[in-house]
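Notes follow the structure.
Every value quoted in this text rests on a predicted model; they were computed, and no experiment measured them. Remember, it's 1-based here, ligands and their atoms both numbered in the order they're listed. Only heavy atoms go into these numbers, but all of them, side chains included; no hydrogens, no water, no symmetry mates.
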Amino acid sequence: MSSISVLYSEEDIALAVKELGEAITGDYMGKKLLAVCVLKGAFIFASDLVRRIDGDVRVSFITAKSYEGEYSTGKVSVSEGVGFSDIDLSEWNVLIIEDIIDTGRTLLELKNKFSEMGAKSVKLAVLLDKPSRRVAEIAPDYRCFEIEDRFVVGYGLDYNENYRNLPYIGIVSQ
Ligand code: IMP
Ligand code: MG
């Protein structure tokens, strides 16, 4: 049986998300903001974060999956996305919302995708940042917590599709 130890409680997360929402509110005041939730991991974080942004926000979704190659050359596949096909991205400031930045490959791919589509600006908001594992040259513009090289679950993050529903962020121990 695995047991989970709490790394960040519901209260810790709520406070950090509130503070992040306030910072984003200030930075995007009077600007057209398109929030892009990266599925599946960011679904809970994004739903809490957009409710802490005071102002007009358009919400959309995209799916990203990362694959590790034999020699650790990571490959990321990204879906078409839902919720922005009908708009001119050159008018919109994109905020990509992701659960965790690890090697950085996923967010680099997504950032390039939206830049190539002509978005007015592209920024990154993450719940968790594991800087020690970074491979791609990329850093989040907004983050709630910086963590060490530990595998975490809960609040949207999974281990083999389990634990996404935990209300807190935890570490699995065997
Ligand atoms: P990156 O492309 O290496 O930055 O990978 C990011 C993706 O890896 C995230 O979207 C997660 O799906 C997954 N991931 C990385 N670290 C963890 C973790 O500690 N727990 C759960 N998923 C993780
Ligand atoms: Mg993910």
With a 4.0 Å cut-off on heavy atoms, is [X] in contact with ligand 1?
{"X": "D158", "result": "yes"}
{"X": "E109", "result": "no"}
{"X": "R134", "result": "no"}
{"X": "G41", "result": "no"}
{"X": "V153", "result": "no"}

*asked:* Minimum distance, heavy atoms only, to atom 13 (C) of ligand 1: which one of D102, V152, I100 is it?
replied: I100
When the side chains of residues 111-127 are checked against the rest of the protein, which donor-acceptor pairs come out under 3.5 Å, sequence neighbours left out?
unit_1: N112; atom_1: ND2; unit_2: L108; atom_2: O; d: 3.3
unit_1: S115; atom_1: OG; unit_2: K111; atom_2: O; d: 2.9
unit_1: S121; atom_1: OG; unit_2: N93; atom_2: OD1; d: 2.6

*Closest heavy-atom pair and its distance - F61, V36*: C-CG1, 4.5 Å
*Going by distance only, is there an N or O of S66 that falls short of 3.5 Å from an N or O of ligand 1?*
no
*Purely on distance, is any nitrogen or oxygen of G104 under 3.5 Å from one on ligand 1?*
yes
*Backbone, side chain, both or neither: what part of E98 comes under 4.0 angstrom of ligand 1, heavy atoms only?*
side chain
_Donor-acceptor contact present, side-chain T63 to main-chain V38, <3.5 Å_ = no
_When you measure from the side chain of N160 to the backbone of N162, do you find a donor-acceptor pair of N or O atoms at a distance under 3.5 Å?_
no
May I have the list of side-chain donor-acceptor pairs in residues 16-32 shorter than 3.5 Å, sequence neighbours left out?
unit_1: K18; atom_1: NZ; unit_2: E22; atom_2: OE2; d: 3.2
unit_1: T25; atom_1: OG1; unit_2: G21; atom_2: O; d: 2.7
unit_1: T25; atom_1: OG1; unit_2: D54; atom_2: N; d: 3.0
unit_1: D27; atom_1: OD2; unit_2: Y142; atom_2: OH; d: 2.5
unit_1: K32; atom_1: NZ; unit_2: E91; atom_2: OE1; d: 3.0

_Point-to-point distance, once rounded to the nearest 0.5 Å, from CZ of F45 to CD1 of I169_ = 9.0 Å
